[in-house]
Amino acid sequence: MTVATLRRATVLERSAPMRTAVELVLHEPEAAVAAKPGQFFQLGVDAQHTLLRRPYSIAWANPDLGRIGFIFSVVGAGSAWLGAREAGQPVELLGPLGNGFATPGPDRTAVCIAGGLGIAAFVGLVKGRDRLGRRTVVLLGARSSDWLLPADRLRGAEVRVATDDGSAGHTGRVTALLPRALHDDVELFMCGPNEMLLAVVRSCRELGFPLERVQVALETPMGCGIGTCLGCALPARGGGYLLACQDGPCVTADRLDWDRMDGI
Amino acid sequence: MTVATLRRATVLERSAPMRTAVELVLHEPEAAVAAKPGQFFQLGVDAQHTLLRRPYSIAWANPDLGRIGFIFSVVGAGSAWLGAREAGQPVELLGPLGNGFATPGPDRTAVCIAGGLGIAAFVGLVKGRDRLGRRTVVLLGARSSDWLLPADRLRGAEVRVATDDGSAGHTGRVTALLPRALHDDVELFMCGPNEMLLAVVRSCRELGFPLERVQVALETPMGCGIGTCLGCALPARGGGYLLACQDGPCVTADRLDWDRMDGI
Amino acid sequence: MVASGTFGYGFDAPQVDRSALGAMVTKGTTRAARTGNPPVRIAETASGMLNAIGLQNPGVDYVAQTYAPQWVEWDLPVIVNIAGESIEDYVEVARRLDGRPGVAGIELNISCPNVEAGLQFGVDARLAAQVTEAVRAATEMPLMVKLTPNVTDLVGIARAIEAAGADSISAVNTYLGMSIDVARRRPALANGLGGLSGPAIKPLALRAVWEVASAVEIPIVGVGGIFTAEDALEFLLAGAAAVQLGTVNYVRPDAARLVRDGIVAFAADSGLPDLGDIALRPRRKAVHV
Amino acid sequence: MVASGTFGYGFDAPQVDRSALGAMVTKGTTRAARTGNPPVRIAETASGMLNAIGLQNPGVDYVAQTYAPQWVEWDLPVIVNIAGESIEDYVEVARRLDGRPGVAGIELNISCPNVEAGLQFGVDARLAAQVTEAVRAATEMPLMVKLTPNVTDLVGIARAIEAAGADSISAVNTYLGMSIDVARRRPALANGLGGLSGPAIKPLALRAVWEVASAVEIPIVGVGGIFTAEDALEFLLAGAAAVQLGTVNYVRPDAARLVRDGIVAFAADSGLPDLGDIALRPRRKAVHV
Ligand SMILES: Cc1cc2nc3c(=O)[nH]c(=O)nc-3n(C[C@H](O)[C@H](O)[C@H](O)COP(=O)(O)OP(=O)(O)OC[C@H]3O[C@@H](n4cnc5c(N)ncnc54)[C@H](O)[C@@H]3O)c2cc1C
Ligand SMILES: Cc1cc2nc3c(=O)[nH]c(=O)nc-3n(C[C@H](O)[C@H](O)[C@H](O)COP(=O)(O)OP(=O)(O)OC[C@H]3O[C@@H](n4cnc5c(N)ncnc54)[C@H](O)[C@@H]3O)c2cc1C
Ligand SMILES: Cc1cc2nc3c(=O)[nH]c(=O)nc-3n(C[C@H](O)[C@H](O)[C@H](O)COP(=O)(O)O)c2cc1C
Ligand SMILES: Cc1cc2nc3c(=O)[nH]c(=O)nc-3n(C[C@H](O)[C@H](O)[C@H](O)COP(=O)(O)O)c2cc1C
Ligand code: FES
Ligand code: FES
């Protein structure tokens with residue numbers, strides 16, 4: 001039985017890829033080798049009145065340099081603490097955890113649809129070692145242009161943008177970009193707020209795109225991240241629940257009961 | 001009614017005056033003017049699972065440069081957090097609070113007896129603006145030489161040292177140095193662990209030195225630091241309690257009931 | 001409003017800004033003056049603090065004669081928190097405050113030990129009702145009764161208090177707890193046990209308010225671990241008509257203002273005309289506070 | 001030992017080092033399999049977490065047939081935590097585990113709602129005694145009963161459980177609490193209420209152990225908010241014979257080892273031959289565990 005993969009990483013750089021997010025680059029060579037796109041780490045936080053670790057997707061990993069990147073927005077005490085870490089300071093990692101994305105065949109087009117910070121899960125997918133498929137299209141949605149990861153961070157992919165306020169790209173929901181993108185050779189990847197996932201599933205159903213070919217990176221509050229607390233349950237198709245941390249976070253969308261996902 | 005003197009100070013320097021302590025130099029010009037020796041601040045800490053502010057004596061203040069120094073040892077989560085603050089980071093101060101030392105007449109000798117980090121309360125007293133009396137003697141006790149503030153930080157005073165293990169100065173308790181120091185013109189100041197205070201009081205009684213001429217800087221767990229929680233009560237002579245934060249922290253030793261101080 | 005025991009009688013905290021308060025509840029006041037418990041009286045725990053102050057207070061006569069006249073000048077309703085060891089004690093304290101200018105109301109602290117019955121008034125519905133009824137008869141002033149949460153059936157006790165004539169209920173007092181000083185191998189507090197307050201108890205206090213608010217018709221004042229405007233809003237959503245801030249006053253003397261401003265901002269953002277309307281579940285009957 | 005619900009059945013946490021454990025208590029196990037509550041099931045609070053998992057488990061037969069044979073191979077006593085909604089449920093679960101190789105004992109989780117009586121078994125001394133007695137009659141295995149702390153008179157319940165034949169008592173289960181999602185204006189948990197665990201409850205759990213340990217003769221296992229060796233020592237000083245670690249396993253998968261090493265170091269520093277001797281107050285009768 002393997003002992004806890006608790007790792008002490010060091011912050012190499014902190015930057016702001018967009019006005020609304022922080023990117024932390026950590027040094028932890030073993031983790032950088034082990035981490036696969038779609039997997040996550042439980043990051044230790046030491047902020048007042050917090051308790052649990054915080055789950056974050058691996059944005060990208062560079063095994064040669066032993067670097068891992070995380071991209072996140074500051075939404076509460078934990079992310080605020082992480083976002084204030086400076087170069088040289090330690091960050092504790094537990095992981096990599098969970099199942100990453102299943103790589104599509106080389107004859108396939110990967111379409112990644114992301115809402116807000118959901119894009120973090122895809123940064124490593126669109127280039128380098130972990131590049132997916134033959135061709136990669138990114139459909140990127142956000143409230144406004146402030147929330148958009150700059151397209152140069154997604155080099156190697158065709159990026160199409162939608163913003164709620166029209167400050168960049170299409171005005172409206174990112175799901176409006178789906179019909180044009182969903183061809184026969186497509187494998188769809190999605191990550192974002194629950195409402196977006198539900199909208200994508202609705203679109204796929206309308207367009208007759210099979211949910212077996214949709215991979216979703218799930219986000220839900222997590223207690224342990226390792227399958228013991230049963231806190232991250234999400235409704236499974238056919239009844240009962242699956243665990244986002246252990247069965248996911250990446251699963252094909254047909255494994256979830258989307259009717260019961262509403263309102264979570 | 002004055003509104004809370006909550007101040008945001010900035011760390012200028014962090015250093016280790018001795019192996020077992022941290023010195024934080026903060027920039028907050030108004031506080032540096034207002035702070036008098038023997039007073040304290042409630043410092044905000046933001047460490048996991050903590051709640052209350054932490055009380056710290058003003059070690060010294062330089063009103064001209066707007067600087068205040070605190071000297072403390074890392075004993076728990078709060079002091080660990082403070083001791084990890086780096087230059088440029090903010091620290092929140094509430095204060096100055098409580099009553100400082102009463103300055104003795106110019107014809108008097110000030111004898112300051114300190115145990116361990118109790119010396120922090122006296123650093124500003126022995127030189128500069130806040131220098132006490134005609135002549136200042138410091139009796140400095142500690143477990144070992146590791147715990148002794150270097151004598152050059154106490155320039156202007158005659159420093160006599162005692163360590164439990166004999167690694168510097170007299171071997172044994174610092175109270176052994178008292179009989180030689182307590183002359184007729186002396187005003188005694190003390191700060192340190194409760195056991196030391198009790199031993200000093202015993203010595204004074206044996207030597208016939210009046211407790212009215214002993215000023216003590218009290219330390220006890222504090223909730224608020226401003227007189228509202230009644231948490232910092234210490235037994236008063238004649239019954240009842242006085243509040244360390246409001247009636248003290250500096251009081252003359254005759255105001256306490258030392259029999260009931262035993263074991264606190 | 002500010003919770004009992006965390007603001008004294010309003011005089012000791014010149015650092016604290018009174019103008020942000022809606023009301024002030026004083027330190028627990030007893031028939032005779034009390035010196036309180038020996039130290040150590042407080043200990044920090046994870047996101048909380050234990051206290052065993054022992055109701056140190058100058059006694060009701062001093063409060064009525066020396067403090068109340070000064071409160072008259074203030075632009076702030078002052079509610080006196082009262083405590084006792086017998087029903088007679090409570091009644092006598094209430095009587096001496098009744099109609100006193102400067103005293104806007106009474107908060108009954110029933111987490112005190114009942115000397116005769118051998119348990120707290122607040123843990124037994126019958127005893128709680130008896131003391132409420134007796135004090136109700138002794139005073140015309142608004143009467144708020146403060147629940148102690150260390151019980152199996154808080155709702156039953158709240159109903160008994162309502163039936164006994166209380167005008168409102170404050171929920172909750174501290175949770176009984178303990179801390180041990182491992183290095184010195186003894187309880188951290190001289191008293192052994194103490195009352196736990198602060199953010200640690202917020203989820204527990206919120207559950208208490210949630211359950212009581214849907215069981216009684218009189219207004220509930222929520223108290224327990226409120227540090228931020230969001231915390232206060234949780235209590236209002238749970239059905240509280242108002243909130244008290246306790247321990248936070250020690251940590252942030254400007255807390256009342258921050259919380260008030262935050263609530264106002266939330267109401268504005270949400271387009272709510274009346275925060276009395278935000279409770280998630282309908283109260284048994286609408287009330288105006 | 002590891003507390004129920006925080007380690008599954010020992011298979012799901014390859015990251016966790018089993019060799020540091022003195023014993024393992026499984027997730028609550030019921031007669032039939034249960035899928036558990038809908039999400040959201042957990043919420044963080046100040047130094048604590050709320051959970052309403054809803055006893056998701058594969059049912060006692062699966063546990064007995066699939067897990068128990070694997071536990072036989074382990075160098076670790078496995079105690080099965082059992083739950084039910086009627087006395088018959090509990091008895092049946094215990095019977096199906098009785099004498100099963102790999103099962104070292106039973107922990108009775110009596111904080112489950114009693115369908116007939118309409119309240120939890122654990123909040124009523126009579127009900128608690130009844131279920132303990134019935135399970136006692138159904139099994140020869142060591143029987144530990146786990147107290148729920150949401151009661152007025154924990155000591156009375158503990159005494160009733162002892163009299164009913166329990167071999168030991170674990171104290172405590174979670175504290176009922178609640179959290180509200182202000183932005184979405186609804187309870188944070190789908191279930192509304194949840195159980196609070198973590199450092200926030202440590203002072204409360206410690207008080208429970210302190211009071212119960214001096215009232216009963218059977219050994220007490222302390223549980224509630226233990227994160228560090230010092231926390232565990234507080235429980236041992238309060239009179240616990242052993243401790244369980246719960247929530248900390250989520251935050252620090254190496255917690256059991258850290259706590260164990262810290263206790264050993266403390267014992268060495270203090271020159272204690274036997275940690276069973278460190279309780280601050282004598283137990284009613286000496287016990288060996
Ligand atoms: C597998 C996974 C991968 C994630 N990857 C990213 C990422 O790459 N970038 C990013 O910005 N965010 C990501 N998130 C969301 C991120 O974990 C939360 O935003 C973060 O935990 C909030 O912590 P906080 O203390 O700042 O906020 P708080 O609101 O104070 O958090 C309170 C608690 O709620 C939980 N929580 C709150 N919101 C969420 C949420 N949406 N998802 C999960 N838990 C939540 C937290 O774990 C915490 O326990 C991911 C979540 C999961 C489960
Ligand atoms: C007026 C005053 C002035 C002080 N000045 C100094 C100083 O100049 N240098 C220095 O090193 N220390 C000083 N202390 C002691 C210092 O406040 C404590 O060491 C510190 O609060 C410990 O916090 P912690 O989180 O590191 O430790 P923890 O043990 O985790 O603290 C837990 C709680 O106990 C309280 N506490 C623990 N020990 C003490 C103590 N000895 N005195 C008061 N409160 C305590 C803390 O306030 C805190 O609430 C002073 C105390 C007081 C009351
Ligand atoms: C130091 C202290 C003293 C208190 N004294 C009293 C009191 O005299 N009477 C009373 O009814 N409540 C008293 N309380 C309880 C508070 O009024 C409040 O109910 C409790 O602290 C929970 O709220 P909080 O978490 O916001 O502090 C006291 C609390 C503290 C911390
Ligand atoms: C997610 C979760 C699930 C739990 N499940 C059970 C359970 O099935 N049976 C039980 O008796 N206790 C259960 N508990 C309670 C714990 O065993 C323990 O009593 C409680 O969490 C307090 O300890 P802690 O603060 O160390 O976590 C659970 C606790 C948590 C956090
Ligand atoms: S987060 Fe604990 S089981 Fe998934
Ligand atoms: S610390 Fe609160 S009264 Fe002194």
Side-chain angles (χ1 to χ4, degrees), chain B residues 1-7 42-55 75-78 92-98 194-195 218-236 238-247 256-257 260-264, chain C residues 2 5-20 27-28 33-58 74 184 186 188-190 194 197-200 225 227 246-257:
Chain B
M1 183 163 279
T2 24
V3 171
T5 8
L6 259 184
R7 307 161 187 279
Q42 285 274 62
L43 273 61
V45 298
D46 194 18
Q48 204 166 25
H49 307 318
T50 63
L51 176 71
L52 300 167
R53 292 172 179 274
R54 299 296 193 253
V75 298
E92 219 190 41
L93 300 179
L94 179 68
L97 302 170
N194 206 22
E195 300 72 46
L218 297 167
E219 294 192 5
T220 189
M222 288 187 174
C224 64
I226 59 177
T228 54
C229 75
L230 309 182
C232 63
L234 289 173
Y241 299 96
L242 50 75
L243 295 180
C245 72
Q246 201 178 46
D247 301 313
L256 293 154
D257 182 344
R260 288 192 288 148
M261 287 285 283
D262 213 350
I264 289 179
Chain C
V2 97
T6 59
F7 216 71
Y9 290 92
F11 303 105
D12 305 311
Q15 290 86 345
V16 178
D17 179 8
R18 234 161 38 207
S19 69
K27 179 76 200 145
R34 287 172 59 109
T35 54
N37 288 333
V40 175
R41 290 180 173 185
I42 57 171
E44 192 181 70
T45 68
S47 294
M49 69 178 276
L50 290 165
N51 87 80
I53 306 298
L55 287 173
Q56 174 175 343
N57 82 93
W74 293 5
R184 301 170 81 174
R186 64 177 196 196
L189 302 182
S197 64
F227 264 54
T247 303
V248 67
N249 294 302
Y250 305 151
V251 182
R252 296 216 60 91
D254 53 352
R257 180 177 301 282

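What you are looking at is a predicted structure, and each value in this text was computed from that prediction instead of being measured. Lettering of chains follows the sequences in order, A, B, ..., and the numbering in each one begins at 1.
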Top of B:Ala233, B:Gly240, B:Cys232 for chain C proximity - count of heavy-atom pairs under 4.5 angstrom: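 Heavy-atom pairs under 4.5 Å are most numerous for B:Ala233.
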Max heavy-atom pair count under 4.5 Å with chain C, selected residue of B:Arg260, B:Met222, B:Glu92: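 So the answer, after comparing B:Arg260, B:Met222, B:Glu92, is B:Glu92.
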Between [X] and [Y], what is the shortest heavy-atom contact and its length?
{"X": "C:Tyr250", "Y": "B:Gly223", "answer": "CB-O, 3.7 Å"}
{"X": "B:Tyr241", "Y": "C:Arg41", "answer": "CD1-NH2, 3.2 Å"}
{"X": "B:Leu51", "Y": "C:Pro199", "answer": "CD1-CD, 3.4 Å"}
{"X": "B:Leu230", "Y": "C:Ile53", "answer": "O-CD1, 3.5 Å"}

Intermediate values then yes/no, side chain to side chain contact (heavy atoms under 4.5 Å, CB included), B:Thr228 and C:Asn249: CA-CA 9 Å; B:Thr228 54; C:Asn249 294 302; 5.9 Å; no
Residue part contacting chain B, namely of C:Arg186, when any heavy atom lies under 4.5 Å: side chain
Chain B contact via C:Thr45 - side chain, backbone, both or neither, heavy atoms under 4.5 Å: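 Contact with chain B: backbone only.
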Please classify the contact between [X] and chain C as side chain, backbone, both or neither, with a heavy-atom cut-off of under 4.5 Å.
{"X": "B:Met261", "answer": "neither"}
{"X": "B:Thr50", "answer": "both"}
{"X": "B:Gln42", "answer": "neither"}

Partner chain B: residue of C:Arg34, C:Lys27, C:Arg184 with the largest heavy-atom pair count (under 4.5 Å): C:Arg184
Point-to-point distance, once rounded to the nearest 0.5 Å, from CG of C:Asp254 to CG of B:Leu6: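 Answer for the CG-CG pair, C:Asp254 versus B:Leu6, is 5.0 Å.
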Distance, nearest 0.5 Å, that separates CD1 of C:Ile42 from SG of B:Cys229: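 Result: 4.5 Å between the selected atoms.
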Close side-chain approach of B:Pro235 to C:Pro38, heavy-atom, < 4.5 Å: no
Check: C:Glu44 side chain, B:Leu52 main-chain N or O, donor-acceptor pair, under 3.5 Å: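 Checked: pair present.
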